[in-house]
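Structure first, then comments.
Here the structure is a predicted model, which means the values were calculated and not measured. Throughout, protein chains are lettered first and strands after them, A, B, ... in sequence-line order, and every chain is numbered starting at 1.
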Amino acid sequence: MKVIIRRPRREVEMPGSRRVRDLLQELKINPESVLVVRGDELLTPDELVKDEETVEVVPAISGGSAHEV
Amino acid sequence: MKCKTCPGKAVIDMRRHNAAFCKDCFITHIERQVERTIESDKMLSKDDRVLVAVSGGKDSLTLWEVLRRLGYDTTGFHIVLGIDHYSPQARGTAEAYAAKHGLPLIATDVKEEYDFSIPELAQYTRRVPCSACGLSKRYLMNRTALEGGFSVLATGHNLDDAAATLLGNLLHWQTPQLGRMGPALEATHPKLAKTVKPLIRLTERETLAYAMLRGIDYHDDECPNAVGATSLFYKDLLNQLEHASPGAKQSFYFGFLKKGRPAFLAAQTGGVELKECEACGQTTTTETCAYCRMMDLARRTAAARSR
């Protein structure tokens with residue numbers, strides 16, 4: 001599967017299928033800080049991502065003063 | 001995963017509520033949470049003219065969307081910061097949302113109206129950009145609310161913002177700020193607008209999910225000046241706690257409001273007297289407000305460098 005991670009943007013190829021919670025754990029990404037998306041679909045931690053699919057890890061956290069408004 | 005309230009398939013899990021929701025039930029849950037927060041903290045009434053601070057990001061547009069759907073009289077306020085590629089995109093997003101829904105939007109360009117972009121202000125005053133930006137925003141939001149006759153200023157601060165600010169204030173024992181923290185601050189001076197934070201019970205992850213599920217076209221880029229910001233570090237620490245102990249952020253912030261803030265507030269009895277700035281008339285505790293002092297320093301430095 002292909003995992004696209006934003007900020008900074010990078011792409012990771014992971015062989016085989018995995019559940020969302022497992023792929024985040026392998027990538028050492030805190031699930032409290034992100035949403036995992038397949039196309040327009042939000043995925044819960046138990047969702048299985050197949051080998052041929054692409055998912056995106058969208059960061060939820062923003063900071064600095066720009067975030068004050 | 002199944003939705004907690006209907007037989008549908010869940011699209012998001014919320015461990016702090018030990019729940020998961022389908023798209024429709026999640027949207028309903030979020031809008032009800034905001035509505036309940038507004039009512040319980042007496043933030044807004046339908047008679048209020050509400051100025052909504054809109055950066056164009058997921059939180060501010062989620063706030064505007066929910067307030068619009070709840071039937072409040074809202075006007076957006078966007079500050080054009082003059083930050084490279086970031087500001088034009090943010091402005092475009094805010095303007096597109098306003099145009100799509102036929103809502104009024106006030107845009108203030110700090111470079112055009114006050115001579116300096118945020119990067120220039122930071123450079124000329126030797127402040128970190130987030131400091132110059134935050135001071136400018138607080139000043140301009142209050143001034144715009146007052147001059148426009150708005151009864152309330154609403155900002156998109158969420159639980160992550162509030163918990164990170166609380167952690168920072170505690171780590172540095174900022175006791176005056178600890179007494180003033182809260183989701184709804186009444187106007188304590190004729191030149192101060194009432195400010196409210198209706199998203200305070202939502203995490204940043206939840207506002208992101210709401211914005212995505214509602215199909216809101218929000219500005220997704222992180223401000224280039226925020227890279228390495230302390231607030232991001234605090235949020236990361238708090239999310240590590242949240243992961244190990246769901247509900248930790250909520251317990252930390254709302255526990256403080258209930259049990260900690262009253263003590264800090266009580267310690268401030270007879271506290272500072274608010275005056276009007278001799279230069280601009282906005283509130284200050286000194287003769288000249290912090291914003292006017294910053295602008296004066298920027299003008300003097302810019303003039304000296306041009307000689």
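- By the 4.5 Å heavy-atom criterion applied to side chains, B:K9 and A:E47 are counted as neighbours.
- Only the side chain of B:D160 has a heavy atom closer than 4.5 Å to any heavy atom of chain A.
- Neither the backbone nor the side chain of B:A20 comes within contact range of chain A, judged by heavy atoms closer than 4.5 Å.
- Contacts between B:R16 and chain A at a heavy-atom distance below 4.5 Å are absent for every atom of the residue.
- The CG atom of B:D221 sits 9.5 Å away from atom CZ of A:R6, with the distance rounded to the nearest 0.5 Å.
- Proximity to chain A is absent for every atom of B:I118, based on heavy atoms less than 4.5 angstrom apart.
- Residue A:Q25 qualifies as open at atom CD: its count of foreign heavy atoms under 6.0 Å is 12 or below.
- When the options B:E222, B:K235, B:E204 are evaluated for a side-chain hydrogen bond (donor to acceptor under 3.5 Å, both in side chains) with A:S62, the one that passes is B:E204.
- For the side chain to side chain contact (heavy atoms under 4.5 Å, CB included) test with B:L208, the passing option among A:L35, A:I61, A:L42 is A:L35; the others fail.
- When the shell of 6.0 Å around CG of B:D217 is examined, it contains 12 or fewer heavy atoms from other residues, nucleotides or ligands.
- In this structure, B:L238 CG and A:E32 CD are separated by 11.5 Å, a value rounded to the nearest 0.5 Å.
- Contacts between B:M212 and chain A at a heavy-atom distance below 4.5 Å involve the side chain alone, from C-beta outward.
- Counting heavy-atom pairs under 4.5 Å between each of B:G215, B:S136, B:A209, B:P246 and chain A puts B:A209 at the top.
- For A:V37, the part lying under 4.5 angstrom from a heavy atom of chain B is the side chain only.
- Of all the heavy atoms in B:H243 and A:P31, the pair that sits closest is CE1-CG, 3.5 Å.
- For the pair B:V11/A:E41, no side-chain contact is recorded, criterion being any heavy-atom separation below 4.5 Å from C-beta on.
- A donor-acceptor pair under 3.5 Å is formed between the side chain of A:N30 and the backbone N or O of B:N239.
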